Amino acid sequence: MIDIKFLRENPDVVRASQKARGEDVSIIEKALAADEVRKVALDQFETLRAEQNLLSKSVATAKGEEKAALLDSAKTLAAKVKEADVKRTQCEAEAKAFIMQISNVIDPQAPIGKEEDFVVIENVGKPRAFDFEPKDHVELGKLLGAIDTERGAKVAGSRSYYLTGVGAMLEFALVNYAITSANKAGFTPVIPPVLVNPAAMEGTGFLGQAAENVYHLEKDDVYLVGTSEVPLAAMHMDEILAAEKLPMRYAGYSTCFRREAGTYGKDTRGIIRVHQFDKVEMFSFCHPDQAKEEHLRLLQWEKDFLNAMEIPYRVIDVASGDLGSSANRKFDIEAWIPTQDVYREVTSTSNCTEFQARRLNIRFKDKDATKAVATLNGTLVAIPRMIVAILENHQNADGTVNIPVALQPFLGTKRFELV
RNA sequence: GGAGGGCUCGCAUAGCGGCCGAGUGCACCGGUCUUGAAAACCGGCAUACGAAAGUAUCGUGGGUUCAAAUCCCACGCCCUCCGCCA
């Protein structure tokens, strides 16, 4: 949710932001108008209510006929108050509905444009030159006994898979390495709930346009999270955090569930796009003035991870049109996938400034006031995509795969052998 | 799944339908006193919107009433017991 005061004072900035995102600009006039109507309705209600409170008090002390007369006028006033109250509630809901539709104001430094208008910030490492025909991760996964997509489909449908043998071990190694390094960097490791209530989902902004990609368990009205960002952000919902404790950083390990609606035919082979996967996610609550720096720190931790995995990648500054509604800037890291001959997104970090915290009502006390904190998130490792990158980039001609040095202690070997 | 009990300002509690946005204790902050501290004493201590007046908030939502923390209904959460269970 954007700051209504900011909107009132800087409608042009918000308008420009909406436009850059390719989103509805007219919503701003509607929101401002509805806000005016809301204020009038609120004022009318409050005036009547004040009158009623006053009158009610005099009823208490009055006696006899005087009391009867007062009661009479109090009754008619009560009806008016009720009417005004209904109207106020209505106007408030309308105004809020408009305001909630407005996305976060983009960072002026974010590139303007559509999905393809991202800016490459840097390239790290060089795509490997193979002196043999590289196999894709599906084939390698079979040879190593690591990935079984056929049985995944048999048992759970498309976009499902089994990680077996070294595939399962590789997940444990990746998670261990990720959590261990995050812990060293000062993150509190967290295993959050993956089944959350509507308030958590709504507050983190996943019930808007993103709703169709979320699994909902109707009978119990709970949701399966698509990322641990949801339970991590909602962890401090309705709390006032101690200013001196900021930034508060958490590394959450959880399963993520995604319906992948509307992606038929996209990445159907392998485990690039799946309904269920595990992920270690970084989440930070920080002072709004620190958000930009914190965002770069999250990006650096992501790069450290990719570097440790010895995988060539590039960092892109995501264009305005491709930002999530809560983010004001987003950096993606894309790993080189040899058999696709392209860079594919493996991690992503977003600066949500105070946008998300305002919805979730997460604040801190400043000298002069209680204000919303800034929230930021970033992927440390999303398992399937990292497995794809490792298998494909570190494969040998015979189908064996070399293990990055950083993971060797967790796996007790330097190479995955054929089964 | 069944049976009970509870949800009030950081914590613990008080609260007759009007004098309750709400008392008390603890904690916390400021001051007096003290070489310093403790104790004692004095004062301050919920949040949001608003320039202010004011309005709203006693788990949440509805209802009764001129008037609800207080009465009624529904839901949520917590606790205890029984059943089931990794």
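What's counted below: heavy atoms across the whole structure, side chains too, no hydrogens, waters or symmetry copies. As the structure is a computational prediction, the values presented were derived from the model and not from experiment. Chain naming here is simple, since letters A, B, ... match the order of the sequence lines and numbering starts at 1 in each.
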(request) Between B:U8 and B:U60, how far apart are the C1' atoms? Round to whole Å, please. (result) 15 Å
(message) Please determine whether the number of non-hydrogen atoms from other residues, nucleotides or ligands lying under 6.0 Å from atom CZ of A:F6 exceeds 12.
(response) yes
(request) Measure from CG on A:D43 to C1' on B:A52 and round the result to the nearest Å. (result) 12 Å
(message) Any strand counts, and the cut-off is 3.5 Å on both contacts for Watson-Crick or G-U wobble. Which nucleotide pairs with B:A74?
(response) B:U60
(request) List the protein contact pattern of nucleotides 44-51 of chain B with one symbol per nucleotide (5' to 3'): B for base contact, S for sugar-phosphate-only contact, - for none; contact means a heavy-atom distance under 4.0 Å. (result) ---SS-S-
(request) Check whether any side-chain N or O of A:N183 sits under 3.5 Å from a backbone N or O of A:F187 as a donor-acceptor pair, and report yes or no. (result) yes
(request) Take the protein atom CZ of A:F45 and the nucleotide atom C1' of B:A56, then report the distance between them rounded to whole Å. (result) 7 Å
(request) Round to a whole Å and report the spacing from NZ of A:K82 to C1' of B:U65. (result) 9 Å
(request) Report the distance from atom CG of A:D238 to atom P of B:U60, rounded to the nearest whole Å. (result) 11 Å
(request) Please name the residue in the list A:W336, A:F118, A:Y313 that meets the ring-ring contact (aromatic ring centres under 6.0 Å, His included) test with A:Y343. (result) A:W336
(message) Counting only Watson-Crick pairs (N1-N3 plus N6-O4 or O6-N4) and G-U wobbles (N1-O2, O6-N3), all under 3.5 Å, who is the partner of B:G23?
(response) B:U13
(request) Considering only atom P, compute the distance from B:A86 to B:G5 and round it to an integer number of Å. (result) 31 Å
(request) Give none if B:U34 has no partner; otherwise give the nucleotide forming a Watson-Crick or G-U wobble pair with it, both distances under 3.5 Å. (result) none
(request) Map A:E51 and A:K75 onto RNA chain B by nearest heavy atom, then report which one ends up closer to the 5' terminus. (result) A:E51
(request) For A:F283 and A:H236, run ring pair (Phe, Tyr, Trp, His ring centres under 6.0 Å): C-alpha distance rounded to whole Å, both residues' side-chain angles, the deciding distance at 0.1 Å, then the answer. (result) CA-CA 12 Å; A:F283 198 91; A:H236 291 300; 9.3 Å; no
(message) For A:F305 and A:Y177, I'd like to know if the aromatic rings sit close, meaning centre-to-centre distance below 6.0 Å.
(response) yes
(message) Can you check the distance between B:G62 and B:A69, where both ends of the measurement are the P atom (answer in whole Å)?
(response) 15 Å
Polar atom pairs between nucleotides 16-19 of chain B and protein, under 3.5 Å, N or O only, would you list them?
from	atom 1	to	atom 2	distance (Å)
B:G18	N2	A:S56	O	2.9

(message) Can you check the distance between B:C20 and B:U32, where both ends of the measurement are the P atom (answer in whole Å)?
(response) 34 Å
(request) Mind calculating the distance between CG (A:L54) and C1' (B:G54) to the nearest angstrom? (result) 11 Å
(message) Determine whether a donor-acceptor pair (N or O, by modelled atom type, separation under 3.5 Å) exists between the side chain of A:T349 and the backbone of A:L298.
(response) no
(request) Write down the partner of B:G54 under the Watson-Crick or G-U wobble criteria, each distance required to be under 3.5 Å. (result) B:C49
(request) Classify the ring geometry between A:Y215 and A:F257 as parallel (under 30°), tilted (30 to 60°) or perpendicular (over 60°). (result) perpendicular
(request) Searching all strands shown, indicate the nucleotide that pairs with B:U80 (Watson-Crick or G-U wobble; both distances under 3.5 Å). (result) B:A3
(request) Using the P atom on both, measure B:U24 against B:A14 and round to a whole Å. (result) 15 Å
(request) Could you work out the separation of B:U13 and B:C84 based on their C1' atoms and round it to a whole Å? (result) 38 Å
(message) Does B:A67 have OP1 or OP2 under 4.0 Å away from a side-chain N or O of A:Q52?
(response) yes
(request) Using whole Å, report how far CZ of A:R88 lies from P of B:A56. (result) 8 Å
(message) Does B:A56 have OP1 or OP2 under 4.0 Å away from a side-chain N or O of A:R49?
(response) yes
(message) Please check: side-chain N/O of A:D148 versus main-chain N/O of A:R151, any donor-acceptor pairing under 3.5 Å?
(response) yes
(request) Report which part of the nucleic acid A:D72 touches: base, sugar-phosphate, or nothing (heavy-atom distance under 4.0 Å, all strands). (result) nothing
(request) For A:T89 and for A:L71, locate the closest nucleotide of RNA chain B by heavy-atom distance; then report the residue assigned to the nucleotide nearer the 5' terminus. (result) A:T89
(request) Using a cut-off of strictly less than 4.0 Å, decide whether A:N53 has a side-chain nitrogen or oxygen near OP1 or OP2 of B:A67. (result) no
(request) Would you indicate what A:K80 reaches in the nucleic acid, counting non-hydrogen atoms under 4.0 angstrom: base, sugar-phosphate, or nothing? (result) nothing
(request) Of all the heavy-atom pairs spanning A:I2 and A:R358, show the shortest one and how long it is. (result) C-NH1, 3.4 Å
(request) For B:A68, give its Watson-Crick or G-U wobble partner with both distances under 3.5 Å, or none. (result) none
(request) For B:C66 and B:C16, measure between their P atoms and round to the nearest Å. (result) 23 Å
(request) Grab the CG-C1' distance between A:L241 and B:G10 for me, whole Å please. (result) 15 Å
(request) Give a yes or no on whether the backbone of A:Q276 and the side-chain of A:Y161 come within a donor-acceptor separation of less than 3.5 Å. (result) yes
(message) Work out how far the P atom of B:A68 is from that of B:A51, and round it to whole angstrom.
(response) 28 Å
(request) Before giving the answer on side chain to side chain contact (heavy atoms under 4.5 Å, CB included), spell out for A:L391 and A:Q395 the whole-Å C-alpha distance, their side-chain angles and the decisive distance to 0.1 Å. (result) CA-CA 6 Å; A:L391 295 188; A:Q395 63 178 296; over 6 Å; no
(request) Could you state the atom-to-atom distance from CG of A:D220 to P of B:C75 in whole Å? (result) 15 Å
(request) Apply ring pair (Phe, Tyr, Trp, His ring centres under 6.0 Å) to the pair A:F416 and A:H394, showing each step before the final yes or no. (result) CA-CA 10 Å; A:F416 289 136; A:H394 298 321; over 10 Å; no
